Asks: 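Here it is, the structure in full.
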Amino acid sequence: MSNTTTIVETVTPVPNTELDEATNSIFHELFDAAYEIPWYADTEAEIKGACEALNERIIQAVTNHPVLARVVHKQLLNWSLLFVACEKLHREWSHPAIKFLIEKNPSALLWRRRDADDGGGTPIHAIADHSCHCQLMGWIAETYPWVLDHRICRRHPPTFDFLDRYSRNPSCPASPVRRFFQAYPKAFSQKSMLGDTPFCAILGGYNECDADLFKWMAEEHPKGLKLRSRMGNMSVLVHVCAGLSGFEHYGNDTIEIIKYLIKECPKLVRKQRGNKALPIHGLLNHCNRRVVQNAVILLLKAYPESYTMHARFYKAPSTFPFTQRIMPLINREIELKESISMMTDVSTQLPKATSNSKDSLLLGVSNVLDSWSKDRLKMFEVELQGLPAQMAAVQKEFEGPDREESDMEDWDEDDDGENSEWDDNDEGDESEDSFDDSDHYSDEESDGDY
């Protein structure tokens, strides 16, 4: 898809006060009908039937009176039929009517209700922030990308309402998110009004991020992995770990994302925040959960030196019972892998080095060394194969319910004094963490209010 910006002249709304009496009556009747859907009926069939019946009424009325798609209710904060459909029709059964109204007048997606502040207040934002209607965002991006190019959507990108809804609502699937970014790749480079990036916004919410979706986004826009949110200066990996520590139901998708980040962006494991905290520090108080334990093990393997590193208000991993037990096994695994690599080289290179020699003594020594290295290699491999079971036993020993525990519990004041001397400015490449404010607009520019 093209990254060029398309400017389309939007349609001016028609106040309902300018309609003739008969058309205005139809307009009011449709408004009232949207409020009268029996959402608390005894059966879903009754609700679905009411929604489908209203769909037919809306489609028929607008077909007979096309002006209704361009009308706003002057007595009700300039709401349009599209806005009331987005706000009051809560289920997917109403999508035919919503899509029909958009097709008849896509400009209405940008019409702001009269009491809206700078944070949206348009149908496009209402759709993006709706647990059900957000699934239409991919279709909107494919069909009306110019809506997302409008200054209202550039100032307050509905992308982040959409991602926030996805990250908080388990009923919102990953497929509409992928469809949206495929149709509108410019969204990868957007930033929210709080300085969040899409990669940070999609992580850390109640809904665990789908690993395949995250990997696809990272492959489409690898630069996004290096950016950090302005609020809190948090990297993508910190957001992943924050969600993992905060929600007990997180599982294998998060572990897969951590593995991916360690492989593709290993610097993130070592990237410190302003208080010198590493991603691992936020997990240490939750090592009673198996999935958190797996994440801690991955991070310690990727950055063994972090075992003794503390930060302001965070104790070092070496002070926690679980890591005290697991770190010797991790160190042993690292040593064994290094030894196996060395022995494999010896077994491979030594015969090559002596293959053309006729010195019987040298050949004898070579055979002895080759036999010895192969025996050692087998011994190391057997020990290495046994380490996962030992780690699993340690993990099982520490599993249990969550405890109410503060990161500052039993904190040594001397450590705090030492940490207080650290510079709050994070280290690293400024180019990776900079934010472009060029898309912020002055208050004098029109917001598109109607």
Side-chain angles (χ1 to χ4, degrees), residues 203-204 208 211 234-235 237-263 266 268-273 275-338 383-416 418-419:
L203 298 166
E208 182 179 20
M234 296 168 65
S235 71
L237 183 55
V238 171
H239 277 275
V240 177
C241 293
L244 182 57
S245 65
F247 299 106
E248 295 183 45
H249 60 275
Y250 271 33
N252 191 58
D253 275 312
T254 300
I255 296 300
E256 289 301 312
I257 291 173
I258 291 175
K259 288 179 180 178
Y260 181 85
L261 290 173
I262 289 173
K263 178 182 177 182
L268 293 181
V269 181
R270 301 166 180 260
K271 184 73 73 174
Q272 295 173 305
R273 298 175 65 186
N275 61 353
K276 302 303 175 182
L278 294 163
I280 194 174
H281 283 117
L283 298 173
L284 295 170
N285 275 325
H286 304 279
C287 287
N288 55 300
R289 301 185 213 151
R290 177 60 68 99
V291 66
V292 176
Q293 294 171 352
N294 291 339
V296 167
I297 290 171
L298 287 172
L299 295 172
L300 285 173
K301 287 180 180 180
Y303 190 19
E305 295 86 350
S306 67
Y307 180 66
T308 58
M309 296 174 64
H310 55 227
R312 187 176 301 159
F313 309 130
Y314 290 93
K315 294 180 285 187
S318 59
T319 65
F320 290 81
F322 171 75
T323 47
Q324 289 171 353
R325 292 282 301 280
I326 209 73
M327 194 63 198
L329 298 176
I330 292 174
N331 286 334
R332 183 56 182 162
E333 179 181 299
I334 294 172
E335 293 170 1
L336 287 172
K337 288 182 176 180
E338 291 176 350
E383 185 179 353
L384 182 62
Q385 290 171 2
L387 282 178
Q390 296 180 49
M391 290 185 183
V394 173
Q395 289 180 265
K396 186 175 181 179
E397 180 182 339
F398 283 90
E399 284 184 5
D402 277 350
R403 295 173 297 171
E404 293 293 332
E405 185 175 13
S406 169
D407 287 337
M408 295 183 63
E409 185 178 353
D410 299 326
W411 182 258
D412 189 334
E413 291 184 2
D414 291 336
D415 288 338
D416 191 33
E418 178 185 347
N419 293 340

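Along the sequence shown, residues carry numbers from 1. The structure displayed is predicted, hence computed values, not measured ones.
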Asks: Determine the minimum heavy-atom distance between Lys315 and Thr319, stating which atoms define it.
Replies: CB-OG1, 3.4 Å

Asks: Between Met309 and Lys276, is there a side-chain heavy-atom distance shorter than 4.5 Å?
Replies: no

Asks: Decide yes or no on side-chain contact (heavy atoms from CB on, under 4.5 Å) for Gln390 and Val394, but give the supporting numbers first.
Replies: CA-CA 6 Å; Gln390 296 180 49; Val394 173; 5.9 Å; no

Asks: Classify the ring geometry between Phe322 and Phe398 as parallel (under 30°), tilted (30 to 60°) or perpendicular (over 60°).
Replies: perpendicular

Asks: Taking all non-hydrogen atoms of both residues into account, name the closest pair between Ala311 and Asn275 and its distance.
Replies: CB-O, 3.3 Å

Asks: Could you pull out every donor-acceptor pair under 3.5 Å between side chains of residues 251-261 and any protein atom, sequence neighbours left out?
Replies:
unit_1: Asp253; atom_1: OD1; unit_2: Ala211; atom_2: N; d: 3.2
unit_1: Thr254; atom_1: OG1; unit_2: Glu208; atom_2: OE2; d: 2.7

Asks: Can you name the nearest heavy-atom pair linking Val292 to Leu283, along with the distance?
Replies: CG1-O, 3.5 Å

Asks: List the steps and the verdict of side-chain contact (heavy atoms from CB on, under 4.5 Å) for Val296 and His286.
Replies: CA-CA 10 Å; Val296 167; His286 304 279; over 6 Å; no

Asks: Can you name the nearest heavy-atom pair linking Leu284 to Ala316, along with the distance?
Replies: CD1-C, 4.4 Å

Asks: Does Ser318 reach the side chain of Thr323, with side-chain heavy atoms less than 4.5 Å apart?
Replies: no

Asks: If you define the side chain from C-beta out and look only at heavy atoms, does anything of Lys271 sit under 4.5 Å from Leu237?
Replies: no

Asks: Starting from the C-alpha separation in whole Å, work towards a yes-or-no answer on side-chain contact (heavy atoms from CB on, under 4.5 Å) for Leu387 and Leu384.
Replies: CA-CA 5 Å; Leu387 282 178; Leu384 182 62; 4.1 Å; yes

Asks: Which heavy atom in Ile262 sits nearest to a heavy atom in Ala302, and how many Å separate them?
Replies: CG2-CB, 3.8 Å

Asks: Just verifying a value: how many Å separate Met327 CE and Thr308 OG1, rounded to the nearest 0.5 Å?
Replies: 8.5 Å

Asks: Evaluate Met391 against Gln293 for side-chain contact (heavy atoms from CB on, under 4.5 Å), listing each step before the verdict.
Replies: CA-CA 10 Å; Met391 290 185 183; Gln293 294 171 352; over 6 Å; no

Asks: State which residue, out of Glu397, Glu399, Glu248, fulfils the salt bridge (charged side-chain N to carboxylate O under 4.0 Å, His left out) condition with Arg290.
Replies: Glu399

